Amino acid sequence: MNIIDRSKPVLVTGGTGYLASWIVKQLLDQGLEVRTTVRSLAQKDKYAHLTALAVKSKGVLQFFEADLLRKGSFAEAMAGCELVIHTASPFKISGIKDAQKDLVEPALEGTRNVLESVNATESVKRVVLTSSIVAVFGDAADIRKTEGGVFTEAHWNFSSSAGHQPYSYSKTVAEKLAWSMVGEQSRWDLLTINPGLIMGPSLSKRTDSTSIDLMVQLASGKFKTGVPSGAMSFVDVRDVAQAHIRAGFTPAASGRHICSAHEKSFLDLANAIRAGYPQYPLPKSFVPKWLFLLIAPLAGFTRKYVRLNVGYDVRLDNSYIRRDLGMDFRPFEQTITEHFQQLLDDGIIKKR
Ligand code: NAP
């Protein structure tokens with residue numbers, strides 16, 4: 001059990017990211033001293049939204065330059081911190097050219113790099129790592145091999161590799177490494193937050209986050225003829241940020257935490273948007289699996305992926321995070337509507 005001193009700075013890696021920006025904001029709103037890393041301090045436009053937030057908040061924010069693949073680059077930002085929240089990791093599920101280089105190395109070696117600095121920084125008492133439900137299971141079809149048909153924190157992804165579901169593989173090997181490194185010492189402890197697909201308003205106008213891209217593509221009419229069937233896990237970005245902070249400051253909390261609020265299909269997602277914005281060319285039905293199998297390579301998916309993922313309803317047990325961190329989750333419709341409205345307000349989706 002580690003008690004974190006709230007007067008000490010908190011390090012959040014990858015502050016430019018969709019999720020990390022919300023973690024930084026919530027920490028600042030609590031009046032804390034926050035440090036965050038960015039890949040390049042020169043690219044001010046990537047973190048201008050955080051600078052603006054800091055001015056309006058009770059807290060203090062400092063930026064540091066660090067890259068997951070540059071050894072020791074997180075050390076300066078970490079000096080004097082008791083709590084490290086490590087979120088930086090590439091999140092890409094399509095358009096991947098070299099999975100090893102683009103996903104696995106930054107996730108795995110980046111985690112090793114950050115945790116080696118944690119080992120070398122005497123002040124650090126706790127690390128909260130952003131993992132994912134994709135470290136819990138690989139293909140949706142794995143649900144059939146799961147006792148009780150529900151994934152829990154006891155499960156691990158056994159079916160992904162650098163060649164099949166590389167993002168899921170990158171998150172799995174990174175989380176496994178973290179658990180093995182924490183076991184080699186006793187000064188700092190480790191908690192992981194394993195979110196489902198994160199949705200909800202973004203604090204920046206970036207569109208290259210996979211979560212944001214999904215909304216943009218739905219609104220564009222790209223999936224007008226239909227979406228793949230099957231229920232997946234969704235959670236609001238603000239709730240995921242809160243879970244990280246609670247994990248940091250709840251002394252008795254421990255272990256992995258499935259952070260999943262709702263099990264919904266892409267059609268449920270489209271319907272939630274349609275309720276508020278009926279003028280957009282949103283899908284109204286599922287694409288039959290045989291048709292999706294046929295067109296998979298054109299849509300950027302392998303047939304193996306479609307075979308093992310389309311049409312399965314994933315079920316996750318979120319009772320541990322509710323108990324251990326006292327989490328409750330926003331309604332799905334609120335998350336989706338507020339996300340869509342933010343994209344309209346920021347001009348990322350055109351008004352109709
Ligand atoms: P995001 O907006 O793409 O943020 C990713 C962050 O990682 C960015 O700050 C990015 O920096 C940083 N990063 C990537 N490669 C880096 C490198 N080589 N060195 C330093 N920083 C690097 O994605 P996100 O959705 O917020 O994801 C944040 C975390 O949540 C990730 O660990 C992801 O796996 C996890 N997660 C996300 C979801 C989801 O649905 N979004 C679900 C479960 C888990 P740049 O701005 O410089 O690119």
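Indexing begins at 1, ligand by ligand and atom by atom, following the structure's order. Computed from a predicted model, the values in this text were never measured in an experiment.
Scanning the protein heavy atoms around atom 38 (C) of ligand 1, the nearest turns out to be I198 CD1, 3.5 Å. Looking at atom 33 (C) of ligand 1, its nearest protein heavy atom turns out to be Y167 OH, 3.4 Å. Distance from atom 43 (C) of ligand 1 to its nearest protein heavy atom, with residue and atom name: P195 O, 3.5 Å. For atom 26 (O) of ligand 1, the closest heavy atom belonging to the protein is L19 N, 2.9 Å. Counting protein heavy atoms only, atom 35 (C) of ligand 1 is closest to T130 CG2, 3.6 Å. Looking at atom 15 (N) of ligand 1, its nearest protein heavy atom turns out to be R39 NH2, 3.3 Å. The protein heavy-atom contact nearest to atom 19 (N) of ligand 1 is L68 N, 2.9 Å.
For Y280 and F340, the gap between ring centers is short of 6.0 Å.
Residues passing the ring-ring contact (aromatic ring centres under 6.0 Å, His included) test with F266, sequence neighbours excluded: none. Checked against ring-ring contact (aromatic ring centres under 6.0 Å, His included), H257 has the following partners two or more places apart in sequence or in another chain: Y320.
Residue contacts with ligand 1: Q43 is excluded, as none of its non-hydrogen atoms falls under 4.0 Å. Not a single heavy atom of S170 sits under 4.0 Å from any atom of ligand 1. Using a non-hydrogen distance threshold of 4.0 Å, L197 registers as a contact of ligand 1. Close to ligand 1: S131, with a non-hydrogen atom less than 4.0 angstrom away.
At a threshold of 4.5 Å between non-hydrogen side-chain atoms, the residues F91 and L19 do not count as touching.
Using a 30° and 60° split on the angle between ring planes, F332 and F234 fall in the perpendicular class, above 60°. Between H155 and F151, the two ring planes are perpendicular [angle over 60°; tilted spans 30° to 60°].
Of the N and O atoms on the side chains of H244 and T130, at least one donor lies less than 3.5 Å from an acceptor on the other residue. There is a side-chain donor-acceptor pair under 3.5 Å between N157 and S160.
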